[in-house]
Number of protein chains: 2
Amino acid sequence: MKNTGEFELIGRISESVRDSVPEGVTGIGDDCAVIPQQSGRDTLVTTDLLVEGRHFLLPGISPGELGWKSAAVNISDIAAMGGRPESAFLSIALPGGFGPEWVDEFIAGFRELAGRFGVALLGGDTSASPDKLFINVTLLGSCEGGKALKRSGARPGDLVCVTGTLGDSGAGLRLVTEQASGAATAESGTARYLLRRHCKPEPRVAEGLALAGIPGVHSMMDVSDGIASDLRHILDASGGLGAEIETGSLPLSGELLEICRERCWEAARLALCAGEDYELLFTIAPEALGSVQAALEAAGGAVATVIGRITEAGTPLCWKGWEGEPPRGFTHF
Amino acid sequence: MKNTGEFELIGRISESVRDSVPEGVTGIGDDCAVIPQQSGRDTLVTTDLLVEGRHFLLPGISPGELGWKSAAVNISDIAAMGGRPESAFLSIALPGGFGPEWVDEFIAGFRELAGRFGVALLGGDTSASPDKLFINVTLLGSCEGGKALKRSGARPGDLVCVTGTLGDSGAGLRLVTEQASGAATAESGTARYLLRRHCKPEPRVAEGLALAGIPGVHSMMDVSDGIASDLRHILDASGGLGAEIETGSLPLSGELLEICRERCWEAARLALCAGEDYELLFTIAPEALGSVQAALEAAGGAVATVIGRITEAGTPLCWKGWEGEPPRGFTHF
């Protein structure tokens, strides 16, 4: 689309529908919509569109992996609010040549991940597609009333934290692209790890639930477009705050460092810009760090790394240790 | 997709996920999923995918009409359960050349209809599309707990009823197709009426709510693919019942009859097979007919016409007055 990026487009739509959003409801602009229920819990709703050639390459990802990933990117949005995922709705437009076996494998992959979190596939729609494969998943979940962790709660002085490691998925995508262009990818353990991180991401549900229970956790989102873009959303939603990020503190896996050495790839660029890590990016009061680490350890999941600090409104987003143009995340247009 | 129709595909998916559907929840196979809530109300969820070239033609429908229709087809699914529509989630994949004005008009059309029913657009996703326009809407609504009107409740002896008139949308689509092929369509009031019925259908929300309050109404769905297909779903879901439909009793508008005379089109075929009428197809105990007519009149909406009767399990679906091959509805593949 000419001259209109995704966020400008979402901004236009969001602005034009703002007056129809009921009191107490969170609409467009966070990982999920938040709809209070009489029961005292809040319903969380998210929807993600995956377009062949834009969000995935065929045959770079198997039907089962694509099913998994379609579930994962949505479950991750629920995790990013500190919620519990519950039910899924799948729409799929299939080009010619995608037979029943393809669909069976796709659904098996979807269920493999969804089943782990007790998410039931309750509906959807199907159609032929004239050309490309399109997948849309809507996921419903819930959280304790008023306790959803939004993007908008960051405060000056907060520590900026991220779970797990960044950039692995971006390196995996590069390996997929290499394979698609006919290059032989070494079947090393490193390559397998990075491909898995790209094709079968692990949404951080247990981590999100653990963080939602800690009062000092102020804001959260998931890393889908790369923290270079994603952190900007937290800052904007929190009243135009700034941040100082130590790019030297970004959590990088041994596998990412190894492949970057081998291929002369820039690890920090992959970590900041490539996205699709589906880790949790969150900000906390400095004194909550101990509780956060303990809660994540108790949840048995990924650990958190402090990568920087939130600064006052009006200050810039500063990537310390990064040279050249400011990093930019993935764009859907 | 070769050798696999939509219903076979949906059947495969439905079968493979059946064991993951929680007790008390209605999953794939009705107009909406039905999820009981602690509040005593049930949440209704539906999702519909609209693919350019398959579900609509460009430029045969304006951006505003397409926005309206994207809302309408989903609101109609909520109406078909006797529910109240509440919130919408829109995913849209835009090919090159669809600028901000296009999006603004689309959203304005969406809101024009959604706003009438108090439906707020609370989220969505956007992407570039490599080729065609894809739209997916998920709609949430609610109904009194346990009172959703499902496809599965039909009983032998029930009268088969439908609101409004059938076939208008199908005739409108033929006019759109003619225009697309360069033929001049007379700008008559008749043509305008039929085009409007196709491009801006009116979901029967008030009618659905009125019918949900009557104990003798046993089953319901909306007419999206044509009653030749849609009635089959009610019969199958209700334990393999049969029906006798008087094709001479199908409610047809004066406009449809007029254009069919002019163009030598078969009105009954349009009424049975073309679909997209978004009327309500429902079955009732014969003694409930008076209450049904009174409730629909009180709702100020469309009237109902009796078109036939449900027969015992194992008996055929019989289209009385129809000659030749049995009629078949729209297929999404």
Side-chain angles (χ1 to χ4, degrees), chain A residues 1-4 6 9-10 12-13 16-17 20-22 25 27-28 32-33 35 37-39 43 45-49 51-55 87 89 91 93-94 96-100 103-104 107-108 111 114-115 120-132 134 136 138 140 332-333, chain B residues 1-4 6 9-10 12-13 16-17 20-22 25 27-28 32-33 35 37-39 43 45-49 51-55 87 89 91 93-94 96-100 103-104 107-108 111 114-115 120-132 134 136 138 140 332-333:
Chain A
M1 185 156 133
K2 291 193 198 86
N3 306 325
T4 309
E6 182 185 27
L9 180 62
I10 293 174
R12 286 181 85 86
I13 297 176
S16 73
V17 303
S20 68
V21 176
V25 168
I28 298 171
C32 294
I35 310 171
Q37 301 296 328
Q38 282 177 13
S39 64
T43 294
V45 189
T46 182
T47 193
D48 269 292
L49 178 63
V51 178
E52 182 189 345
R54 173 68 50 177
H55 300 101
S87 53
F89 299 82
S91 295
L94 288 165
F98 287 69
V103 174
D104 288 348
I107 295 293
R111 282 205 60 182
L121 181 61
L122 295 186
D125 198 6
T126 60
S127 172
S129 171
D131 182 25
K132 299 292 184 187
F134 284 74
N136 192 83
T138 302
L140 272 62
H332 299 254
F333 281 92
Chain B
M1 187 157 132
K2 292 194 196 82
N3 305 322
T4 308
E6 183 185 24
L9 179 61
I10 293 174
R12 287 180 84 85
I13 296 176
S16 73
V17 303
S20 68
V21 176
V25 168
I28 298 171
C32 294
I35 309 171
Q37 301 296 328
Q38 282 176 14
S39 63
T43 294
V45 189
T46 182
T47 192
D48 269 292
L49 177 63
V51 178
E52 181 188 345
R54 173 68 51 176
H55 299 103
S87 52
F89 299 83
S91 295
L94 288 165
F98 287 69
V103 173
D104 288 347
I107 295 293
R111 284 205 58 183
L121 182 61
L122 295 186
D125 198 6
T126 60
S127 173
S129 170
D131 183 26
K132 300 291 184 187
F134 283 75
N136 193 84
T138 303
L140 271 63
H332 298 253
F333 281 93

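Every value quoted in this text rests on a predicted model; they were computed, and no experiment measured them. To find a chain, count down the sequence lines: A is the first, B the second, and so on, and within it residues start at 1.
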So does A93(B) get a backbone contact from the side chain of R54(A), meaning a donor-acceptor N/O pair under 3.5 Å? no
L140(B) and L140(A), any side-chain heavy atoms less than 4.5 Å apart: yes
Taking all atoms of both residues into account, what is the closest heavy-atom pair of K132(A) and P130(B), and its distance? CG-CG, 3.4 Å
S87(B) versus chain A, the contacting section by heavy-atom distance below 4.5 Å: side chain
Which portion of V51(B) sits near chain A, non-hydrogen atoms under 4.5 angstrom: side chain
Ignoring hydrogens, what is the shortest heavy-atom contact between A120(A) and V21(B)? Give both atom names and the distance. CB-CA, 4.2 Å
Nearest-0.5 Å distance that lies between atom CZ in F89(B) and atom CG in D48(A): 12.5 Å
So, using salt bridge (charged side-chain N to carboxylate O under 4.0 Å, His left out) as the criterion, who are the partners of D131(A) when residues are at least two apart? none
Contacting moiety of N136(A), where chain B heavy atoms sit under 4.5 Å: side chain
Heavy-atom distance under 4.5 Å to chain A: side chain of I107(B), backbone, both or neither? side chain
Greatest number of non-hydrogen atom pairs under 4.5 angstrom with chain B, of V25(A), I28(A), T46(A), falls to I28(A)
Are the side chains of L122(A) and I35(B) in touch, meaning some heavy atoms are under 4.5 Å apart? yes
Looking only at heavy atoms, which two atoms of S39(A) and Q38(B) are closest? And how far apart? CB-OE1, 3.6 Å
If you take all heavy atoms of V17(B) and L121(A), which pair is closest and at what distance? CG2-O, 3.7 Å
Rounded to the nearest 0.5 Å, what separates atom CG in D125(B) from atom NE2 in H55(A)? 6.5 Å
Could you measure the distance from the CZ atom of F134(A) to the OG atom of S91(B)? Nearest 0.5 Å is fine. 11.5 Å
Under a 3.5 Å distance rule, please check whether R111(B) uses its side chain to pair with a backbone N or O of S16(A) as donor and acceptor. yes
